Asks: 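Structure incoming, see below.
Predicted model, so just to flag it, every value in this text is computed and none were measured. A, B, ... follow the sequence lines: proteins, then strands. Residue 1 opens every chain. Just the heavy atoms: all of them, side chains too, but no hydrogens, waters or symmetry mates, feed the values below.
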2 protein chains.
Amino acid sequence: MAKFTHANSCNTCPYKDYALTKLQTNDVDLIQNSCLIVNFKKGENVCKQGTEVTHALYLAKGSVKLYIEGKNKNLILKIITQSKYIGLQSLFGDRIYQYTITTLEDSQICMINANIILDLAKKNVDYLFELTRNISESTNFVYKKIIDINQKQLRGRLADVLLHFSENVFKSDTFELKLTRKELAEYSAMSMENTVRILNEYKKDGIIGIEGKIFTIKQPDILRKVAELG
Amino acid sequence: MAKFTHANSCNTCPYKDYALTKLQTNDVDLIQNSCLIVNFKKGENVCKQGTEVTHALYLAKGSVKLYIEGKNKNLILKIITQSKYIGLQSLFGDRIYQYTITTLEDSQICMINANIILDLAKKNVDYLFELTRNISESTNFVYKKIIDINQKQLRGRLADVLLHFSENVFKSDTFELKLTRKELAEYSAMSMENTVRILNEYKKDGIIGIEGKIFTIKQPDILRKVAELG
DNA sequence: TTATAACATTGATGCATATCAATGTTTTAT
DNA sequence: ATAAAACATTGATATGCATCAATGTTATAA
């Protein structure tokens, strides 16, 4: 794994999480003392499905994919970008990672001893409340994902995914997607070949523009209609 | 909706949840004062997808299905049996139900004003901690579900579901499943026709026994193999 | 700098699964 | 008690999608 440094300024960190504001200064110090800032290079595993949860993971900088490794194929559940906890529910659940997390670009992850976080959570209800809110939102997101996979077919799913990136993740009509076609396929729960096929279909129809990894949503209304009709 | 009574003995209730043991007696009284015990008949909606979350729901007695309503078909995410909170993450998330919950038999649901639970959670960290653990486990369960749907095919999925009922839900080789074939299909994310077909396939092969809604797992090892191979 | 692997693209083929259809059975409601 | 609706079953058909195959392109490593 990559090189790391000790955290030394959690309170003034520009990537600080909102939940931290719920803690007293000396409690933040507790976190800071345990916190290792680890530099991951693109493509490295941050945690591995099936292993024990020993640390809370906070993505300070960069982006990662959270995915379940299957026998033949993977399923990417979430793309997470900076200043977010990743995989909080594993701290409170059965303490075994149900998924693997891999960086999509060079990233900085804060790793804090799980028991320290749990102890703090047990002592600071406002802090725990924020974490719980976070986990709940995450659960709701997965509910939406599962229903997309179950109910829509390829074109609808891909339209959904493109809109999601445009509207929720990058908040722009044009965005650079740090995913390969294969990863985009794993995120949309379809084969890589069909992902390519449908993307180019949308491009030919003038609904989107593609220039390598730069995507442009040209006709969001049509895309929305496709997403809706499934 | 059905008739209801006011709760009057939460502390000594035989269906009491473990999380309640984390509260002081007078805090339990707060819950008790707000708690309505509502009697639902089989097939009634306990909450409805798209509506606002106003109450915490606790399934004291009976059983329910939690499902997402799609355009053509539904997807049952969980079957919940007695003495369990249902849909806790909706209290802490965006306060809109992402799913509908319907009773599978006559059931008693305790409905407690959402804000009272949230206030208690904000004051009793041990209580909140139990709720959070609950939500986290629920998230992990959905992760498993999503991967089953995505990675396995019909026979494997159905084998999985049957084993799950036998091993986790009813903890017995023989069990009465309070689901119609259609609901079993919605739980396994497949068509009703194929559910029937494969069930009878398993029956012919002597892997399971079916007598109406009574299922017997006769050869769990074979079933496990089918589940594994997908 | 070159070799090797991963990525991207397009077409052809096969299969798993949903859908349609027909018919009998069991609930549910009046 | 009877009608209507939901449930259950089995077979035939259609199709959406993955898989296979072939080929070009771009990263990555030695």
Side-chain angles (χ1 to χ4, degrees), chain A residues 41-44 65 70-76 102-106 148-159 161 176-205 208 210-215 226 229-230, chain B residues 41-44 65 70-76 102-106 148-159 161 176-205 208 210-215 226 229-230:
Chain A
K41 281 200 270 195
K42 178 184 174 181
E44 287 188 297
K65 57 175 173 177
K71 267 203 288 282
N72 315 308
K73 52 185 171 184
N74 301 327
L75 178 67
I76 298 178
T102 303
T103 50
L104 292 169
E105 60 188 310
D106 294 0
D148 278 353
I149 292 179
N150 183 246
Q151 309 246 337
K152 290 178 182 173
Q153 45 198 61
L154 298 195
R155 271 153 257 270
R157 287 218 291 278
L158 197 52
V161 165
E176 186 196 350
L177 198 53
K178 292 179 202 301
L179 295 175
T180 65
R181 298 292 188 262
K182 181 151 169 277
E183 286 170 326
L184 183 55
E186 287 172 353
Y187 187 69
S188 312
M190 61 176 88
S191 74
M192 190 247 262
E193 292 91 331
N194 280 332
T195 304
V196 171
R197 247 185 282 272
I198 296 172
L199 280 179
N200 289 330
E201 218 176 274
Y202 289 161
K203 188 182 179 186
K204 264 177 211 140
D205 295 345
I208 64 172
I210 314 176
E211 212 62 58
K213 291 190 189 302
I214 313 282
F215 289 77
V226 174
L229 296 176
Chain B
K41 280 201 273 197
K42 178 182 173 182
E44 286 187 298
K65 56 175 174 176
K71 266 203 290 281
N72 315 310
K73 52 184 171 185
N74 300 328
L75 178 67
I76 299 179
T102 303
T103 50
L104 293 169
E105 60 187 311
D106 294 0
D148 278 353
I149 292 179
N150 182 245
Q151 307 247 339
K152 290 179 181 171
Q153 44 199 60
L154 299 194
R155 270 153 257 271
R157 287 217 292 279
L158 197 52
V161 165
E176 186 196 349
L177 198 54
K178 292 179 202 301
L179 295 176
T180 65
R181 299 292 187 265
K182 181 151 169 276
E183 286 170 325
L184 183 55
E186 287 173 353
Y187 187 69
S188 312
M190 61 176 90
S191 74
M192 191 247 262
E193 292 92 330
N194 280 331
T195 304
V196 171
R197 246 185 283 271
I198 297 172
L199 280 179
N200 288 330
E201 219 176 274
Y202 290 161
K203 188 184 178 183
K204 263 177 213 141
D205 296 345
I208 64 172
I210 315 174
E211 211 61 58
K213 291 193 188 301
I214 313 283
F215 290 77
V226 173
L229 297 175

Asks: dT9(D) C1' sits how many Å from I210(B) CD1, rounded?
Replies: 11 Å
Asks: R155(A) and side chain to side chain contact (heavy atoms under 4.5 Å, CB included): which partner among L229(A), V226(A), N194(A)?
Replies: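 Going through L229(A), V226(A), N194(A) one by one, the side chain to side chain contact (heavy atoms under 4.5 Å, CB included) with R155(A) is satisfied by V226(A) alone.
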Asks: Rounded to the nearest angstrom, tell me the gap between atom CD in Q151(B) and atom C1' in dA18(D).
Replies: 13 Å
Asks: Looking at dA16(C), dT9(C), dT10(D), which one has an atom nearest to any side-chain atom of Q153(B)?
Replies: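 Nearest to the side-chain atoms of Q153(B), counting from C-beta on, is dA16(C).
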Asks: Counting only heavy atoms not in K42(A), do more than 12 fall under 6.0 Å of its NZ?
Replies: no
Asks: Rounded to the nearest 0.5 Å, what separates atom NZ in K182(B) from atom CD in E193(B)?
Replies: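 Here the interatomic distance stands at 11.0 Å.
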Asks: Looking only at the side chain of V196(A) (C-beta and beyond, no hydrogens), which of the listed nucleotides dA18(D), dA18(C), dA8(C) gets closest?
Replies: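 Shortest atom-to-atom distance from the side chain points to dA8(C).
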Asks: Please report the interatomic distance CE(M190(B)) to CD(Q153(B)), rounded to the nearest 0.5 Å.
Replies: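 Between atom CE of M190(B) and atom CD of Q153(B) there are 10.5 Å.
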Asks: Send over the distance from L184(A) CG to dA8(C) P, rounded to a whole Å.
Replies: 10 Å
Asks: If you find the nucleotide of DNA chain C closest to K42(B) and the one closest to R157(B), which residue's nucleotide is nearer the 5' end?
Replies: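 It is R157(B), whose closest nucleotide lies nearer the 5' terminus.
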Asks: Please confirm whether the shortest side-chain N or O distance from K204(A) to OP1 or OP2 of dT9(C) is below 4.0 Å.
Replies: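 Checking dT9(C) against K204(A), no side-chain N or O comes under 4.0 Å of OP1 or OP2.
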Asks: Just how far, in rounded Å, is C1' of dC17(D) from CD of E186(A)?
Replies: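 Rounded to whole Å, this separation is 17 Å.
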Asks: Does N194(B) put a side-chain nitrogen or oxygen below 4.0 Å from OP1 or OP2 of dA16(C)?
Replies: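 Negative; the distance criterion is not met.
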Asks: Using a 4.0 Å heavy-atom cut-off, does T180(B) contact any base of the nucleic acid, only the sugar-phosphate backbone, or nothing at all?
Replies: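 Touches sugar-phosphate only.
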Asks: Applying a 4.0 Å non-hydrogen cut-off, can you work out what K73(B) is touching in the nucleic acid: base, sugar-phosphate, or nothing?
Replies: nothing
Asks: Starting at CD of E201(A) and ending at C1' of dT10(C), how long is that distance when rounded to a whole Å?
Replies: 12 Å
Asks: I need the K203(B) NZ to I208(B) CD1 distance, nearest 0.5 Å.
Replies: 8.5 Å
Asks: When we call it a touch if two heavy atoms are under 4.0 Å apart, what does M190(A) touch: a base, just sugar-phosphate, or nothing?
Replies: sugar-phosphate
Asks: Would you mind telling me which of dC20(C), dG16(D), dT9(C) lies closest to the side-chain atoms of E193(B)?
Replies: dC20(C)
Asks: Which of these nucleotides, dT10(C), dT17(C), dT28(C), is closest to any side-chain atom of R197(A)?
Replies: dT10(C)
Asks: Taking 4.0 Å as the cut-off, does a side-chain nitrogen or oxygen of R181(B) come that near to OP1 or OP2 on dT9(D)?
Replies: yes
Asks: Measure the distance from CD on E211(A) to C1' on dT26(D) and round it to the nearest whole Å.
Replies: 15 Å
Asks: Can you find a heavy atom in the side chain of K73(B) that is under 4.5 Å from one in the side chain of Q151(A)?
Replies: yes
Asks: Rounded to whole Å, please give me the gap between CG in N150(B) and C1' in dT17(C).
Replies: 15 Å
Asks: Describe the nucleic acid contact of K152(B) in one word from base, sugar-phosphate, nothing, applying a heavy-atom distance below 4.0 Å.
Replies: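 Since no nucleic acid heavy atom lies under 4.0 Å of K152(B), the category is nothing.
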Asks: Expressed as a whole number of angstroms, how long is the span from N72(A):CG to dC17(D):P?
Replies: 19 Å
Asks: Which nucleotide, dC7(D), dC7(C), dT10(C), lies nearest any side-chain atom of N200(A)?
Replies: dT10(C)
